[in-house]
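A short worksheet on the structure shown next.
First the proteins, then the strands, lettered A, B, ... as listed; each starts at 1.
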Amino acid sequence: MTRIFTTDLPAHVGEQVSLAGWLQSLRRMGGITFLVLRDGWGTAQAVIETEDSLQPLTAANALPESLIRVTGTVQANAAAPNGCELHHIAIEVCVPISEAAPIPLGKRTITAGQNTILDHAMIANRHVSRRATLRLSAGIMEGFRASLRERDFTEVQTPKIVAAATEGGANVFALDYFGRTAYLAQSPQFYKQMMVGIFERVFEVGPVFRAEPHDTTRHINEYVSLDVEMGFIEDHHTVMAVLRAVLHGIMATLQRSYAADLAVLELALPAVPTEIPSIHFAEAQTLIWRETGQDVRSEPDLAPADERWLGAWAQRTFGSDFLFVTGYPMRKRPFYTHPDPARPAFSNSFDLLFRGVELVTGGQRLHRYGDYLAALEHAGLAIEPFAPYLETFRYGMPSHGGFAIGLERLVMQLTGVSSIKLATTFPRDLHRLTP
RNA sequence: GGUCCUGUGGUGUAGCGGCCUAACAUGUCUCCCUGUCACGGAGAAGACCGCCGGUUCGAAUCCGGUCAGGACCGCCA
C-alpha cells in the first residue's frame with residue numbers, strides 16, 4: 001500500500017489508503033476512539049471501533065509523537081475534520097515513544113513560554129501553529145523569488161566569509177581563516193552592487209550576521225535578508241515601485257499557495273496599496289512634533305516609538321499597514337548612499353514601515369567613481385580596504401539602487417508572534433547558540 | 001552597554017510573612033463513556049517554591065548575593 005499525504009485524503013474517498021506520520025492525539029470515547037495523525041503537510045483523523053485495531057498502540061505503550069502507519073478506507077463524513085476520515089484501520093507502530101513530549105502538541109495552542117519553546121524548538125516547531133508560521137516564511141521566500149524572476153532579475157549568491165567589515169561601524173563576527181582574520185558578512189551590499197555591473201538586476205536570499213548586542217523582540221544576530229539591487233534607475237522611487245510590486249507578489253503567493261497555513265493561524269493578509277503612502281523624514285518629524293508634542297526634529301533618526309506612532313498614523317489616515325519614510329539624513333546613512341540633489345543633507349533613501357516596525361531599508365546608491373572617493377574621504381574611511389569594491393565603479397556603473405527586506409520581521413509582523421525569535425526555527429540571539 | 005520586571009510539579013499559572021502538610025489548569029497513570037475534534041466524568045501519582053546566605057518565634061512570601069529568563073532603550077532588517 002503506497003503512502004499518501006494527509007492533505008490528499010479528500011481525493012481518495014472510497015479507496016483504501018495508507019498514511020504515515022506522528023501520533024498527534026488519541027481520544028478514547030469508550031467504544032469509539034479518534035486518532036489524529038500528523039504528517040509533514042497536515043493532519044488526518046482515523047476512527048477506531050474495535051479493541052483489536054487499537055491493540056498495537058496499547059501493546060507498544062505508544063504516547064503522542066510515536067511514529068505510526070495507518071491503513072484504512074477513506075470515508076466522507078460531514079462530522080469529520082476536513083470532511084473525511086479513515087475507517088476500518090490497521091495501525092503499525094514504527095517508532096513507539098513512551099515518554100511524554102516536553103511540550104504537549106495535541107492542543108490547539110501552545111501553552112509553553114517562549115524560553116521553553118525555544119529550548120525545545122525541534123519539538124515545539126512540530127506544533128501545527130508553529131509549523132504554519134514557519135511555512136509562511138518559506139512562502140514569503142517563494143513569492144519574493146517569483147516576483148523578481150518575473151521582472152528579469154537574476155538570483156545570485158555572494159560570499160558570507162569576507163575580508164573586511166563592509167559598512168563602517170557596525171559590529172561583525174570575526175573568525176579565523178587559515179591564520180588570517182575574516183568576518184561573517186553583515187550584508188551582501190557591496191557584492192550585490194558589484195553584480196549589478198554583471199546582470200543589471202539581481203536578488204539574493206541569504207543569511208546575514210550582526211554582532212550587535214541588542215536585546216529586543218525585533219533583533220536576532222543571524223537573519224535572512226531578502227536583497228534586491230538594480231541598475232538604470234531614475235532615483236529611489238524606481239526602487240520603491242519594485243518593492244511595492246514584490247510585496248504584492250509575496251502576498252499573492254501566500255494567498256494562492258499557503259491558504260492552509262493562513263487558515264491554521266486565522267490570518268488575513270494585509271492589502272498592499274497600489275500606491276503605498278509615503279512621507280519625507282523631515283515631514284514625519286514635524287508631524288510627530290505637531291501631533292504628539294514630542295519634539296524629535298533634531299534627532300538624526302526615528303526612534304522605535306516614533307515608528308510605532310507613524311505606523312498607527314498611516315493606518316488611521318490611509319488605512320494602510322505600510323508606510324514609506326523617505327529622505328533620511330545623509331549623516332545617518334552609509335557612505336554609498338546617494339544624496340537628494342535638491343536637498344543634499346537628505347538622502348535618496350527610504351525605510352518601509354510595516355505595522356509600525358522597520359521592515360525594509362533601501363535607496364539609491366552613488367555610482368560614479370569620483371563620488372565614492374569623495375564620500376569615503378568625507379566619512380574618514382581609508383580607500384585601500386575598499387579597493388575591490390571601488391574597482392566596480394572605476395570601470396562604469398549605471399545609476400542603481402536596491403533594498404533589503406528582513407524576512408523574520410515580515411513573518412513576525414504578518415503572524416503577530418510576540419518576538420522575532422518565534423518567527424524563525426532556531427534563532428540566534430545574545431544568549432542562544434543552541435538548539 | 002543602560003533601565004525595569006520575573007523565576008512555584010513535565011507545561012502554564014495562583015498564592016506574596018503563620019490559614020501552604022503549597023492551589024488551579026493541562027500533561028502522565030487507572031477506571032467509566034460509540035462521533036470526538038482543546039471530548040466529558042471519577043480517582044491517583046508528580047514540587048524540598050532557581051541556588052546561596054541573611055532578617056524573623058516563623059520565609060514560596062521580606063532583604064542581599066548569585067544564576068537563569070523576559071520587556072524596553074541605544075543600534076538596526
Review point. Is A:Q16 atom CD crowded by more than 12 heavy atoms from other residues, nucleotides or ligands, each under 6.0 Å away?
Key: yes
Revision key, fill the gap. Between A:L118 and A:T216, the residue closer to the 5' end of RNA chain B by nearest nucleotide is A:L118
**Study point:** Beyond-backbone contact of A:W41 with A:D8, side-chain heavy atoms, under 4.5 angstrom
**Key:** no
Practice item. Scan A:R432 against the nucleic acid and name what it touches under 4.0 Å (heavy atoms): base, sugar-phosphate only, or nothing. Key: nothing
**Study point:** P spacing across the pair B:rG2 / B:rC20, given as an integer number of angstrom
**Key:** 43 Å
Check your understanding: Does the distance from a Lys or Arg side-chain N to an Asp or Glu carboxylate O, for A:E200 and A:R151, drop under 4.0 Å?
Key -> no
Point to revise | Whole angstrom value for the distance that separates P of B:rC76 from CZ of A:R428 | key: 24 Å
Check your understanding: What is the pairing partner of B:rC33, taking Watson-Crick or G-U wobble pairs with both distances under 3.5 Å in any strand?
Key -> none
Review point. In terms of side-chain heavy atoms of A:E49, which of B:rU28, B:rU34, B:rA71 is nearest?
Key: B:rU34
Practice item. Answer yes or no: side-chain N or O of A:R28 and base N or O of B:rC31 forming a donor-acceptor pair under 3.5 Å. Key: no
Practice item. Could you tell me whether A:I420 contacts a base, only the sugar-phosphate backbone, or nothing, with contacts defined as non-hydrogen atoms closer than 4.0 Å? Key: base
Review point. Are A:E65 and A:R38 within salt-bridge range, i.e. N to O under 4.0 Å?
Key: yes
**Study point:** Under-4.0 Å salt bridge between A:D119 and A:R432
**Key:** yes
Check your understanding: With rounding to whole Å, what would you report as the distance between B:rA45 and B:rA60 at their C1' atoms?
Key -> 23 Å
Practice item. Using the six-membered ring for Trp and the full ring for Phe, Tyr or His, decide whether A:Y223 stacks on the six-membered base ring of B:rA77 (centres under 5.5 Å, planes under 30°). Key: yes
Point to revise | Spacing of the P atoms in B:rG41 and B:rG46 (rounded, Å) | key: 24 Å
Point to revise | B:rA77 OP1/OP2 closer than 4.0 Å to side-chain N/O of A:T361 | key: yes
Review point. Expressed in whole Å, how much space separates the C1' atoms belonging to B:rU34 and B:rC24?
Key: 32 Å
Check your understanding: In whole Å, what separates the C1' atom of B:rU36 from that of B:rG40?
Key -> 10 Å
Review point. If you check every side-chain atom of A:I32, which of B:rC37, B:rU34, B:rA71 has the closest atom?
Key: B:rU34
Check your understanding: Hey, what's the ring geometry for A:F322 with A:F354, parallel, tilted or perpendicular (30° and 60° as the breaks)?
Key -> parallel
Review point. With no angle test and no hydrogens, is the base of B:rC76 tied to the side chain of A:H219 by a donor-acceptor pair under 3.5 Å?
Key: yes
Review point. Heavy atoms under 4.0 Å, any strand shown: does A:L63 hit a base, just sugar-phosphate, or nothing?
Key: sugar-phosphate
Point to revise | Rounded distance (Å) that lies between atom P of B:rC76 and atom CG of A:D215 | key: 17 Å
Review point. Atom CZ of A:R38 to atom C1' of B:rA38: distance rounded to whole Å?
Key: 16 Å
**Study point:** P spacing across the pair B:rU56 / B:rU61, given as an integer number of angstrom
**Key:** 16 Å
Check your understanding: Does the B:rG35 base have a donor-acceptor partner in the side chain of A:E85 within less than 3.5 Å?
Key -> yes
Exercise for review: Remember a base hit wins even if backbone is also touched, and classify A:V360 as base, sugar-phosphate or nothing at under 4.0 Å, heavy atoms.
Suggested key: sugar-phosphate
Review point. Of the nucleotides B:rG70, B:rA77, B:rU34, which has the atom closest to the A:K421 side chain?
Key: B:rG70
Practice item. Using atom CZ of A:R218 as one end and atom C1' of B:rG70 as the other, report the distance to the nearest whole Å. Key: 15 Å
Exercise for review: Determine, for A:R218 against A:E408, whether the closest basic-nitrogen to carboxylate-oxygen distance falls under 4.0 angstrom.
Suggested key: no
Review point. Taking C-beta and beyond as the side chain, do A:Q364 and A:H400 meet within less than 4.5 Å on heavy atoms?
Key: no
Check your understanding: What parts of residues 101-116 of chain A reach RNA chain B, counting only heavy atoms under 4.0 Å away?
Key -> A:P102, A:P104, A:K107, A:R108, A:T111, A:A112, A:G113, A:Q114, A:N115, A:T116
Practice item. Would you mind pulling out the nucleotide paired to B:rA71, Watson-Crick or G-U wobble, both distances under 3.5 Å? Key: B:rU3
Practice item. Take atom CG of A:D306 and atom P of B:rC72, then tell me their distance rounded to the nearest Å. Key: 16 Å
Point to revise | Pairing of A:K192 and A:E204 as salt bridge, 4.0 angstrom limit | key: no
Check your understanding: If we call it a pair only when both distances are under 3.5 Å in a Watson-Crick or G-U wobble match, what pairs with B:rU28?
Key -> B:rA44
Practice item. Using the six-membered ring of A:Y336, assess whether NZ or CZ of A:R365 lies under 6.0 Å from its centre and within 45 degrees of the ring axis. Key: no
Exercise for review: With RNA chain B as reference, determine whether A:R333 or A:A305 sits nearer its 5' end, using the nearest nucleotide of each.
Suggested key: A:A305
Study note, to complete from the structure: Mate of B:rA77 across any strand shown (Watson-Crick or G-U wobble, both atom pairs under 3.5 Å) is none
Check your understanding: If you measure from the C1' atom in B:rU13 to the same atom in B:rC76, how many Å do you get, rounded?
Key -> 35 Å
Review point. Quick one: A:L35 CG to B:rG35 P, roughly how many Å, whole number?
Key: 18 Å
Review point. Is A:T217 near enough to B:rG70 that one of its side-chain N or O atoms lies under 4.0 angstrom from OP1 or OP2?
Key: no
Check your understanding: Checking all strands, does A:D351 fall into the base, sugar-phosphate, or nothing category for heavy-atom contacts under 4.0 angstrom?
Key -> nothing
Practice item. Would you indicate which nucleotide in B:rC75, B:rC76, B:rU34 comes nearest to any side-chain atom of A:E358? Key: B:rC76
Study note, to complete from the structure: Whole-Å distance, A:L26 CG to B:rG27 C1', equals 14 Å
Point to revise | Nearest-angstrom distance, P atom, B:rU3 to B:rA14 | key: 27 Å
Exercise for review: Answer yes or no: is there an ion pair linking A:E222 with A:R428, defined by an N-O contact shorter than 4.0 Å?
Suggested key: no
Exercise for review: Could you tell me which nucleotide pairs with B:rG53 by Watson-Crick or G-U wobble geometry, both distances under 3.5 Å, or answer none if nothing does?
Suggested key: B:rC63
Revision key, fill the gap. note: A:L226, atom CG; B:rC76, atom P; distance rounded to Å ~ 20 Å
Review point. Among B:rG69, B:rC37, B:rG35, which is the nearest nucleotide to the side chain of A:H431?
Key: B:rG69
Review point. Base, sugar-phosphate alone, or nothing: which one does A:H87 contact when heavy atoms must sit under 4.0 Å apart?
Key: base
